Amino acid sequence: MTEPISEPSPQEALLPASGRAGGSPRPGGKPGGKGARQPAERLPVARVLIDSPLPHLDRPFDYLVPAALDADAVPGCRVRVRFAGQPADGYLLERVARSDHPGRLAFLERVVSPLPVLTPEIAGLARAVADRYAGTMSDVLRLAIPPRHARVEAEPGSPAPRAAEAPAPPDWRTPGDGWDAYPAGPSFLRALAEGRSPRAVWTALPGIGPDGPSWPLAVASAVRATLAGGRGAVVVVPDGKDVAMMARALGATPHVAITADLGPAERYRRWLKLLRGEVRVAVGTRPVAFAPVHPLGLAVIWDDGDDLHAERHAPYPHTREVLTLRAHRARAGLLVGGYARTAEAALLVASGWAHPLVPARGELRARAPLIRPAGDDAELARDEAARAARLPTVAWQALKRGLERGPVLVQVPRRGYLPALACLRCRAPARCGGPAQGSGAPGSGPVCSGPLALRGGHAAPYCRWCGRIAGDWRCPRCGCPRVRAIVVGARRTAEELGRAFPSVAVKTSGRDGVLATVGAGPALVVATPGAEPVPEGGYAAAVLLDGWALLGRPDLRAAEETLRRWMNAAALARPRAEIVVCADGAVPVVQALVRWDPVTFSERELGERAELGFPPAARMASLTGPGAAVREMLAETDLPEDAQVLGPVPIDGGLERAVIRVPRRSGAALARALKAASGARSVRKATDVVRVQVDPLDLI
């Protein structure tokens, strides 16, 4: 319900009357006196969303529109108002004829810009996302709308394209897009071109074409079909490297690419092109999910399991959920694509909301690489070649044969040199013995106890938490001063392989520097997951090292994420290329990779989570903060009757975490209850912050 601005909230009631929102006795001057402002004759009441993160202020407030601002105060524009005696920014959501409040209303101070940057579709989507994640609409709008640049707004725009300028039907398809390899692929494109709204979960074929991976060409064809039907599209990919590939695939098709490395002015300039209708296709990372494309015909997300799609700012929405909500509200098509399939995507198919787009089995056999498991660490200990270069014989031979034909890939799950150390004699983990940060001299306070690591072959061990150099370290258990590696990082692996293959160039790609592409000549490419460069013509072979490091993580999505990382790397290989995965072949995730069958694996994963009551089969929320604050909020939250509270339990940093689990049917009720509890804490100005996350990625 709309709140009148002259009615103070409980928090505003603590202020003097002259400081309350709308509490000034004569807003705009004495009525009828000289200099008095008059409200607009038509629709004089503006409903304004204040830009405030406080949960109890997450609702529209009523203001009067001065007659002088009548033309500029349009729905969706940025405005400045007085709130609680202070200037505040906000968005004008709508104008109405009258307010429900019987008293007087304050006037708008000014219109910051008459440009309607908040469209009705994005406003409705932001409200839905905020409700889904127990957040505030203003927080969502900070993610959706870039900051204003007055100079960019003043630049002349190009005229919006006419519907007749859309590509003709024969131009839908991009040569080599690969849609014919999917039995339902051509019908999916026809539905988009005819203005319908197909929803599909797409399991893409692996392989590298003359222009790189084939998935950007397939998405480009779907985008062109949507344009031919008179509608626009948004394409969301994990990172800038994928944005560049997608932009090349679109070619001459009018589009804008929006990434984080653009400057604020250029990012706003491209966003305005979409808002003004000059361009109807947006490609970029997660903020593009809110791009003002209208009318929207297709929303695409590639590799939805990548954690880069999870927003790190409140209310922590996931791009897949944002696009699903948007496609549903706009009655647009949706394409969730990737080499692997997440449990959330499997649920969309299982519920019937989306349909599967899978390749024909014959096409898959012709293009998938040959996967060979290499066993576990016991085999490495028995293998002479493994002792020389940390590789089993089968992996060593695969690399050697591959280097005769082109570049080979070695995927290492850990970055750095030696990121984890242990005592050479008793194998106890090597920990820092220095004081915790801020505790004073050694022995005067708590011990840091952080993990020790090595930056290079001739460096002394250092603590990864406090940075202390531990050159005098001795094992507290046995007294041994020497250490051994527990986990070997990418830089140490590259060093070992360089000694093993002295005549071959070794290239690394990871956090310190990501390679976009590599040539077709022989080369050893050592990369961390997600940083694998695209090879010209595909990798001749690949080795996926240290499978135990990925599978052994204490994470609900460890197996799913492992398969996704392996398949993304193996998909860059040539058809029938040899891929060696260093993991036990009896593990289900390894079997899924060997058969190249992510669909069955995702269905099994979804079934197991449903049996155990984990997302996406159930809805969960986490409360993180000081222990007393978490317990207080739990006691005040009116949880659904079928809610189950787990914890709170201590976590890092002296904080505690509680997890609330409900069936999917009660997910909306849980979000409302948590939002109400956060609002109650906000009203009484609780000092301890409790972070609320709905369906967080790091659940375990």
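The figures that follow rest on heavy atoms only: side chains count, while hydrogens, waters and symmetry mates do not. Since the model is a prediction, treat every value here as computed from it, not as a measurement.
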Quiz item: Considering residues at least two apart in sequence or located in another chain, which fulfil the salt bridge (Lys or Arg N to Asp or Glu O under 4.0 Å) criterion with Glu561?
Solution: Arg564, Arg565
Quiz item: For Arg557, what residues pass the salt bridge (Lys or Arg N to Asp or Glu O under 4.0 Å) criterion, not counting sequence neighbours?
Solution: Glu344
Quiz item: Has Glu603 got more than 12 heavy atoms of other residues, nucleotides or ligands less than 6.0 Å from its CD?
Solution: yes
Quiz prompt | Residue list, side chain to side chain contact (heavy atoms under 4.5 Å, CB included) with Ala569, at least two apart or on another chain | solution = Leu409, Gln411, Glu532, Leu544
Quiz item: How many angstroms lie between atom CG of Asp597 and atom CG of Leu593, to the nearest 0.5 angstrom?
Solution: 11.0 Å
Quiz item: Which residues satisfy the salt bridge (Lys or Arg N to Asp or Glu O under 4.0 Å) test with Arg604, sequence neighbours excluded?
Solution: Glu608
Quiz item: Who are the ring-ring contact (aromatic ring centres under 6.0 Å, His included) partners of Trp179, not counting sequence neighbours?
Solution: Tyr182, Phe188, Trp202
Exercise. Mind listing the closest non-hydrogen atom pair of Arg657 and Asp698 along with its distance?
Key: NH1-O, 3.0 Å
Quiz item: Can you tell me how far the CG atom of Leu497 sits from the OG1 atom of Thr508, to the nearest 0.5 Å?
Solution: 11.5 Å
Self-check item: Set of side chain to side chain contact (heavy atoms under 4.5 Å, CB included) partners for Leu370, sequence neighbours left out
Solution: Arg576
Self-check item: Nearest-0.5 Å distance that lies between atom CG in Leu551 and atom CG in Leu563
Solution: 9.5 Å
Quiz item: Can you find a pair of side-chain heavy atoms, one from Ser214 and one from Arg367, that are under 4.5 Å apart?
Solution: yes
Self-check item: With sequence neighbours excluded, residues passing salt bridge (Lys or Arg N to Asp or Glu O under 4.0 Å) with Arg372
Solution: Glu578
For residues 515-522, dump all side-chain donor-acceptor pairs below 3.5 Å to protein atoms at least two apart in sequence or in another chain.
none

Quiz item: Yes or no on side chain to side chain contact (heavy atoms under 4.5 Å, CB included) for Arg312 and Asp307, after CA distance, side-chain angles and deciding distance?
Solution: CA-CA 10 Å; Arg312 300 302 179 183; Asp307 58 4; 4.0 Å; yes
Practice problem: Taking ring-ring contact (aromatic ring centres under 6.0 Å, His included) as the test, write out the residues that go with Phe501, two or more places apart. | Solution: Trp396
Quiz item: Val236 versus Val300: any side-chain heavy-atom pair under 4.5 Å?
Solution: no
Exercise. Please confirm whether the backbone N or O of Asp242 pairs with a side-chain atom of Asp239, one donor and one acceptor, at under 3.5 Å?
Key: yes
Quiz prompt | Any donor-acceptor N/O pair, Arg267 side chain to Leu262 backbone, under 3.5 Å | solution = yes
Quiz item: If you count the non-hydrogen atoms of other residues, nucleotides and ligands that lie under 6.0 Å from CZ in Arg401, is the total more than 12?
Solution: yes
Quiz item: Minimum heavy-atom separation for Val243 to Gly284, with atom names?
Solution: CG2-CA, 3.7 Å
Practice problem: Step by step, work out the side chain to side chain contact (heavy atoms under 4.5 Å, CB included) result for Arg320 and Thr342. | Solution: CA-CA 11 Å; Arg320 177 188 52 247; Thr342 61; 4.1 Å; yes
Quiz prompt | Exercise: identify the closest heavy-atom pair between Val590 and Asp584 | solution = CG2-O, 3.4 Å
Quiz item: Under a 4.5 Å cut-off applied to non-hydrogen side-chain atoms, are Pro369 and Ile579 in contact?
Solution: yes
Quiz item: Can any side-chain N or O of Ser509 pair as donor or acceptor with the backbone N or O of Ala531 at less than 3.5 Å?
Solution: yes
Quiz item: Taking only residues two or more places apart in sequence or in another chain, which ones pass side-chain hydrogen bond (donor to acceptor under 3.5 Å, both in side chains) with Asp695?
Solution: Arg132, Arg619
Quiz item: Is there a side-chain contact between Pro373 and Val594 (heavy atoms, below 4.5 Å)?
Solution: yes
Self-check item: Test item: Leu298 and Leu334 side chains (from C-beta on) under 4.5 Å apart, heavy atoms
Solution: no
Quiz item: Listed by chain and number, what are the side chain to side chain contact (heavy atoms under 4.5 Å, CB included) partners of Gln591, not counting sequence neighbours?
Solution: Arg595
Quiz prompt | Pro533 and Tyr539, any side-chain heavy atoms less than 4.5 Å apart | solution = yes
Self-check item: Closest heavy-atom pair and its distance - Pro183, Val358
Solution: CD-O, 3.3 Å
Exercise. Would you check, one step at a time, whether the test side chain to side chain contact (heavy atoms under 4.5 Å, CB included) holds for Leu205 with Leu364?
Key: CA-CA 7 Å; Leu205 279 167; Leu364 182 59; 3.9 Å; yes
Quiz item: What residues form a side chain to side chain contact (heavy atoms under 4.5 Å, CB included) with Arg286, not counting sequence neighbours?
Solution: Glu311, Thr319
Quiz item: Do Cys423 and Cys478 have side-chain heavy atoms sitting under 4.5 Å apart?
Solution: yes
Quiz item: Atom CG of Leu399 and atom CG of Leu524: how far apart are they, to the nearest 0.5 Å?
Solution: 6.0 Å
Self-check item: Criterion side chain to side chain contact (heavy atoms under 4.5 Å, CB included) against Val223, the qualifying member of Val283, Leu335, Val281
Solution: Val281
Self-check item: Pair Val599-Thr203, side chain to side chain contact (heavy atoms under 4.5 Å, CB included): steps then yes or no
Solution: CA-CA 8 Å; Val599 175; Thr203 306; 3.8 Å; yes
Self-check item: Given Trp566, Phe601, Trp302, Trp596, the one that forms ring pair (Phe, Tyr, Trp, His ring centres under 6.0 Å) with Tyr339
Solution: Trp302
Quiz item: Quick one: does Arg341's side chain have a donor or acceptor within less than 3.5 Å of a partner on Pro598's backbone?
Solution: no
Quiz item: Do you know which two heavy atoms are closest between Asp180 and Pro186, and how far apart they sit?
Solution: OD1-CG, 3.8 Å
Self-check item: Separation between SG of Cys582 and CG of Asp546, rounded to the nearest 0.5 Å
Solution: 7.0 Å
Quiz item: Do Glu605 and Arg609 meet the salt-bridge criterion of a basic N to acidic O distance under 4.0 Å?
Solution: yes
Quiz prompt | Nearest non-hydrogen partners of Arg405 and Ala540, listed with the distance | solution = NH2-O, 3.5 Å
Quiz item: Atom CD1 in Ile469, atom SG in Cys463: separation rounded to 0.5 Å?
Solution: 10.0 Å
Quiz item: Got Cys475 and Trp473 here, is their nearest side-chain heavy-atom distance under 4.5 Å?
Solution: yes
